[in-house]
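Report on the structure given below.
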Amino acid sequence: MRHRKMNNEVASAKKIIVATKPHSPVSEQFRTIRTNIMYSSIDRPIRSVLFTSAVAGAGKSTIAANVAIAYAQAGKKTLLLDGDLRRPTCHYTFKVSNQKGLSTAIVNDIASEDLVNQTEFDNLYLITSGPIPPNPSELLSSKKLTQFIDHLKFQYEMIIVDSPPLLSVTDAQLLSKSADGVIMITDVENNNRNHLLEAKDLLNKADANIIGLVLNNRDAKYRLKDDYYYHQASHDG
């Protein structure tokens, strides 16, 4: 049991590299993503960003967690919201309970103040997914979800939302309606252009504001597993 606990702690440490290795090139790339988000819109400040991917395994949850920490390190009161009501991971990364969270807030009208977890990092707060419901899409398409996120926007300077892959379920499309911007994550080593285009089309149909693309494992030739690269989204391509 102790060995398993140690393995979990090591896995969590590897995921939050912006905190464990703040001076590494990878951590600097996360700070670059943060900066690019800040400058992605001049007229309308970006205060909530949804992270998603076309398919599973792209690394979106790890990237969302690190970007959230990067915002907190910059002095921004930041909330990481686990919007993946099917395969949530944020509670594992930050080692907190998932007995209540987003799903219980929607179903039981629980106030956000009763759901927020204070993480070990200054300025960073977490709301987990809560128990996995039988009808995730119905919950995420409800007015209660919109009202809940709108309430959170008054409490935090930045909200980072982790969501399921676009080609698997409709959840990310639904959540994108409540976010100021959307960033797509793709694993370059297993990249599929058709999947990316299909995912982008789904976001466009939801009138989502796609502000960027993060290429994970960019230098696949050398298998740099923690390599990330941010690309500004183009509405023409």
Side-chain angles (χ1 to χ4, degrees), residues 15-54 58-83 90 93 121-125 149 152-153 156-163 165-166 172 175-189 191 193 196-197 199-200 202-204 206-220 224-237:
K15 288 183 178 181
I16 51 178
I17 192 170
V18 134
T20 57
K21 297 181 180 179
H23 302 298
S24 71
V26 174
S27 295
E28 184 58 37
Q29 290 181 29
F30 283 120
R31 289 189 286 269
T32 298
I33 293 173
R34 178 192 67 197
T35 300
N36 287 339
I37 292 173
M38 292 171 63
Y39 286 100
S40 63
S41 177
I42 303 300
D43 297 328
R44 181 188 176 191
I46 302 295
R47 294 188 57 189
S48 57
V49 178
L50 177 78
F51 282 77
T52 187
S53 58
K60 61 174 180 56
S61 297
T62 297
I63 293 175
N66 278 277
V67 172
I69 296 173
Y71 266 99
Q73 289 176 338
K76 300 289 185 181
K77 186 179 180 183
T78 304
L79 174 71
L80 176 59
L81 175 64
D82 196 339
C90 290
T93 301
F121 306 105
D122 291 340
N123 300 314
L124 180 61
Y125 302 84
I149 294 182
L152 293 174
K153 290 179 179 179
Y156 298 91
E157 295 176 273
M158 172 54 70
I159 300 174
I160 302 293
V161 184
D162 183 21
S163 71
L166 282 154
L175 283 165
S176 71
K177 299 179 184 297
S178 298
D180 296 331
V182 176
I183 291 180
M184 286 180 56
I185 315 298
T186 184
D187 182 341
V188 175
E189 191 171 1
N191 188 40
R193 179 178 174 83
L196 279 178
L197 292 175
K200 181 182 177 182
L202 290 173
L203 287 174
N204 287 334
D207 292 325
N209 179 26
I210 307 173
I211 61 174
L213 172 70
V214 173
L215 308 179
N216 190 4
N217 296 336
R218 176 167 56 100
D219 196 351
L224 298 179
K225 293 299 183 183
D226 292 319
D227 191 19
Y228 307 95
Y229 178 76
Y230 177 91
H231 176 70
Q232 186 78 26
S234 170
H235 295 287
D236 298 325

Inset, instruction - Report the distance from atom CG of Leu80 to atom CZ of Phe51, rounding to the nearest 0.5 Å. - result: 9.5 Å

Legend entry - For Glu28, salt bridge (charged side-chain N to carboxylate O under 4.0 Å, His left out) partners two or more places apart: Arg31

Legend entry - Side-chain touch Val67/Ile183, heavy atoms, less than 4.5 angstrom: no

Legend entry - Residues that Tyr125 engages under ring pair (Phe, Tyr, Trp, His ring centres under 6.0 Å), provided they are two or more places apart: Tyr156

Legend entry - With sequence neighbours excluded, residues passing salt bridge (charged side-chain N to carboxylate O under 4.0 Å, His left out) with Asp162: Lys60

Inset, instruction - To the nearest 0.5 angstrom, please state how far the OG atom of Ser163 sits from the CG atom of Leu175. - result: 6.0 Å

Inset, instruction - Taking atom NZ of Lys76 as the centre, report whether more than 12 heavy atoms of other residues, nucleotides or ligands fall under 6.0 Å from it. - result: no

Inset, instruction - Of all the heavy-atom pairs spanning Leu166 and Ala172, show the shortest one and how long it is. - result: CD2-CB, 3.6 Å

Inset, instruction - Can you measure from CG (Asn216) to CD1 (Ile63) and round to the nearest 0.5 angstrom? - result: 4.5 Å

Inset, instruction - State the OH-CE distance between Tyr71 and Met38, to the nearest 0.5 angstrom. - result: 6.0 Å

Inset, instruction - For Arg193, enumerate each residue passing the salt bridge (charged side-chain N to carboxylate O under 4.0 Å, His left out) test, keeping only those at least two apart in sequence or located in another chain. - result: none

Legend entry - Donor-acceptor under 3.5 Å (Asn66 side chain, Phe30 main chain): no

Inset, instruction - Taking the side chain as every heavy atom from C-beta outward, state whether Thr52 and Met184 have any pair of such atoms under 4.5 Å apart. - result: yes

Legend entry - 4.5 Å side-chain heavy-atom contact, Leu203 and Ser176: yes

Inset, instruction - Might you point out which heavy atoms bring Ser178 and Ile149 nearest each other, and give the distance in Å? - result: CB-CD1, 3.8 Å

Legend entry - Rounded distance (nearest 0.5 Å) linking atom CD1 of Ile210 with atom OG of Ser40: 12.5 Å

Legend entry - Under the side-chain contact (heavy atoms from CB on, under 4.5 Å) test, residues paired with Ala72 that sit two or more places apart: Thr78, Asn123, Leu124

Legend entry - Least distance between heavy atoms, Pro165 atom then Ala54 atom: CB-O, 3.7 Å

Inset, instruction - Just jot down the side-chain contact (heavy atoms from CB on, under 4.5 Å) partners of Ser48, sequence neighbours excluded, or say none. - result: Lys153, Ile159, Ala179, Asp180

Legend entry - Partner residues of Ser24 under the side-chain contact (heavy atoms from CB on, under 4.5 Å) criterion, sequence neighbours left out: Ile17, Lys21, Val26, Ser27

Inset, instruction - Not counting sequence neighbours, which residues clear side-chain contact (heavy atoms from CB on, under 4.5 Å) with Ala74? List them please. - result: Arg34

Legend entry - Positive for side chain to side chain contact (heavy atoms under 4.5 Å, CB included) with Val49, one of Ile33, Asn209, Val161, Ile160: Ile160

Inset, instruction - Could you check Ile37, Leu50, Val182 and say which one makes a side chain to side chain contact (heavy atoms under 4.5 Å, CB included) with Ile211? - result: Ile37

